[in-house]
Amino acid sequence: MDESANPKPPKQPPLPPPPPPPRRRKKVICITTVVALLITIIVIITVLGFTVFKAKKPVITVGSVSIANLDSSISIDLPVSINASLAVDLTVKNPNRVGFRFSNSSALLYYDGGLVGEAPIPAGRIGAGKTIGMNLTLDLMADRLLSNPNLYTDVISGSLNLGTYARISGRVPILFVKIKAVSTSTCNITIDVMSRTIKDNVCKYKNSL
């Protein structure tokens with residue numbers, strides 16, 4: 001029998017699946033909308049975190065250093081006697097768009113590499129974009145100073161070289177993360193013993209996140 005005389009009917013394409021019920025379709029649209037909204041919010045928060053709200057380093061600056069008290073003498077019984085206090089004015093600037101909280105710290109006074117004075121820096125908070133001032137008094141620890149064999153030579157020469165170090169450490173809350181921030185200042189001070197004035201003062205600053 002000739003099959004060409006009776007061709008087979010063409011196969012019908014499969015029918016598309018029936019559309020989902022209206023409730024299910026609304027549920028899918030709702031879930032899709034929520035997911036897209038969450039992704040958009042996450043993207044916006046990420047962009048803000050790396051631009052507008054990006055953590056910035058606090059800046060500590062030594063405004064001035066002055067001698068609050070200086071009393072020195074040379075005698076036979078006690079080759080050198082010295083009492084001194086330094087008044088240090090610090091400012092700390094918070095350039096962030098959020099507040100910056102810092103913990104307890106200290107300002108330190110050094111002579112010839114050894115610690116000879118200390119002043120506490122109490123914990124506090126600096127508002128967004130604000131600057132605060134700190135007035136510190138560093139008293140020389142006479143016993144530590146007098147135990148240094150180089151003191152006599154320096155006093156005789158008329159110049160006393162001291163160093164100060166101050167450190168502010170805290171955290172900046174950026175969105176859901178708290179980022180550690182540190183600011184330090186290091187100053188080299190030369191005191192004229194005869195005139196009881198500061199002859200030279202050079203400071204360096206370092207800030208880090």
Check [X] against [Y] and note the closest heavy-atom contact, atom names and distance.
X: Ser185; Y: Val62; answer: OG-CG2, 3.7 Å
X: Phe100; Y: Pro58; answer: CZ-CG, 4.0 Å
X: Asn96; Y: Asn94; answer: ND2-OD1, 2.9 Å

Any chance you could measure [X], atom [atom1], to [Y], atom [atom2], to the nearest 0.5 Å?
X: Asp89; Y: Ser66; atom1: CG; atom2: OG; answer: 6.5 Å
X: Ser85; Y: Leu138; atom1: OG; atom2: CG; answer: 8.5 Å
X: Thr184; Y: Asn207; atom1: OG1; atom2: CG; answer: 7.0 Å
X: Thr32; Y: Leu37; atom1: OG1; atom2: CG; answer: 12.5 Å

- Decide side chain to side chain contact (heavy atoms under 4.5 Å, CB included) for Leu86 and Thr137; before the verdict, give the C-alpha distance in whole Å, the side-chain angles of both, and the deciding distance to 0.1 Å. CA-CA 6 Å; Leu86 294 182; Thr137 300; over 6 Å; no
Side-chain contact, heavy-atom cut-off 4.5 Å: [X] with [Y]?
X: Val65; Y: Ile198; value: yes
X: Val59; Y: Lys57; value: no
X: Ile191; Y: Ile67; value: yes
X: Asp200; Y: Ile189; value: no
X: Leu109; Y: Leu115; value: no
X: Leu90; Y: Thr61; value: no
X: Met134; Y: Val92; value: yes

Within the side chain of Ser183, is there an N or O that forms a donor-acceptor pair under 3.5 Å with the backbone of Ile60? yes
Tell me if a side-chain donor or acceptor on Tyr110 pairs with a main-chain N or O of Asn188 at a distance below 3.5 Å. no
Next item on the list: Determine, using the 4.5 Å side-chain heavy-atom cutoff (strictly less than), whether Leu108 and Met141 are members of one ILVMFWY cluster.
Entry: no
inquiry  = Are Val98 and Val182 connected into the same hydrophobic cluster when the rule is that any two of I, L, V, M, F, W, Y join if their side-chain heavy atoms are below 4.5 Å apart?
reply    = no
Applying side chain to side chain donor-acceptor pair (under 3.5 Å) to Asn201 and not counting sequence neighbours gives none
So the side-chain hydrogen bond (donor to acceptor under 3.5 Å, both in side chains) pairs with at least one residue in residues 157-170 (sequence neighbours excluded) are Ser159-Lys199, Asn161-Thr190
Residues pairing under side-chain hydrogen bond (donor to acceptor under 3.5 Å, both in side chains) where one sits in residues 111-134, two or more places apart or in two chains, turn out to be Ser106-Glu118, Tyr111-Asp154, Asp112-Asn148, Asp112-Asn150
Indicate whether any N or O donor in one side chain lies under 3.5 Å from an N or O acceptor in the other, for Asp192 and Thr197. no
